[in-house]
Amino acid sequence: MRIFLAAAVLIGSWSMDPRESVVGFTVTKFGREVVHGRFHDFSGTVTYDARHPEKSSMRWRVRIASVKTGEPARDETLLGPA
């Protein structure tokens, strides 16, 4: 039983829980104003292998259109043409 429990800790795959996770950013605008934002539509999976860390990975997806900065006009600009 101990070997099984140790293996469960050493190797695993976990999905990001949007209720418990945050994908966000902070930028400084013109060196003065600090802007915080979040993406509300995202998902991801972390796979960890302690025996072979090089095989560990993280894959995630963020829907850019779900960005919110607290300023609707700024959000619209962020989603506009580059």
Side-chain angles (χ1 to χ4, degrees):
M1 186 70 157
R2 285 186 190 179
I3 294 172
F4 175 75
L5 290 174
V9 173
L10 294 174
I11 301 172
S13 184
W14 299 269
S15 293
M16 294 173 72
D17 182 349
R19 296 169 299 182
E20 301 290 331
S21 304
V22 174
V23 175
F25 60 91
T26 302
V27 296
T28 304
K29 181 179 175 184
F30 302 120
R32 293 179 282 147
E33 181 184 355
V34 176
V35 176
H36 303 280
R38 291 179 64 172
F39 295 97
H40 294 273
D41 185 358
F42 61 91
S43 62
T45 304
V46 176
T47 302
Y48 179 68
D49 185 339
R51 293 182 185 146
H52 304 282
E54 70 280 3
K55 293 182 181 179
S56 299
S57 65
M58 179 175 166
R59 297 180 190 269
W60 60 303
R61 178 196 65 82
V62 175
R63 185 169 172 255
I64 301 301
S66 73
V67 68
K68 300 288 183 224
T69 63
E71 284 288 332
R74 180 187 295 132
D75 298 346
E76 199 172 306
T77 299
L78 289 172
L79 296 173

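None of the values given here were measured: they were computed from a predicted structure. One-based numbering along the sequence shown.
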query: Which pair of heavy atoms, one from V34 and one from T26, lies closest together, and at what distance?
result: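 Heavy-atom minimum between the residues: CG1-CG2, 3.5 Å.
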message: Side-chain heavy atoms nearer than 4.5 Å, only ILVMFWY residues, links allowed to pass through others: does that put V22 and V27 together?
response: no
query: Checking S56 side chain against D49 main chain: does a donor-acceptor pair fall under 3.5 Å?
result: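 The answer is yes, because a donor-acceptor pair under 3.5 Å joins these two groups.
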message: Applying salt bridge (Lys or Arg N to Asp or Glu O under 4.0 Å), can you list everything that pairs with D75, at least two apart in sequence or on another chain?
response: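 Testing D75 for salt bridge (Lys or Arg N to Asp or Glu O under 4.0 Å), a comparison that skips the adjacent residues, returns none.
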field: Heavy-atom neighbours of E76 CD exceed 12 at 6.0 Å
entry: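 No, CD of E76 has 12 or fewer neighbouring heavy atoms, counting only those of other groups under 6.0 Å.
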- request: Report the distance from atom OG1 of T47 to atom CZ of R59, rounding to the nearest 0.5 Å.
  value: 7.5 Å
query: Quick one: CZ on R63 to CZ on F42, what's the gap to the nearest 0.5 Å?
result: 13.5 Å
message: Between V23 and M16, is the side-chain contact (heavy atoms from CB on, under 4.5 Å) condition met? List the steps.
response: CA-CA 10 Å; V23 175; M16 294 173 72; 4.2 Å; yes
query: side chain to side chain contact (heavy atoms under 4.5 Å, CB included) with S15: which residues, sequence neighbours excluded?
result: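 Only T45 meet the side chain to side chain contact (heavy atoms under 4.5 Å, CB included) criterion with S15.
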message: For E33 and R74: C-alpha separation, side-chain torsions, deciding distance, then whether salt bridge (Lys or Arg N to Asp or Glu O under 4.0 Å) applies.
response: CA-CA 13 Å; E33 181 184 355; R74 180 187 295 132; 3.0 Å; yes
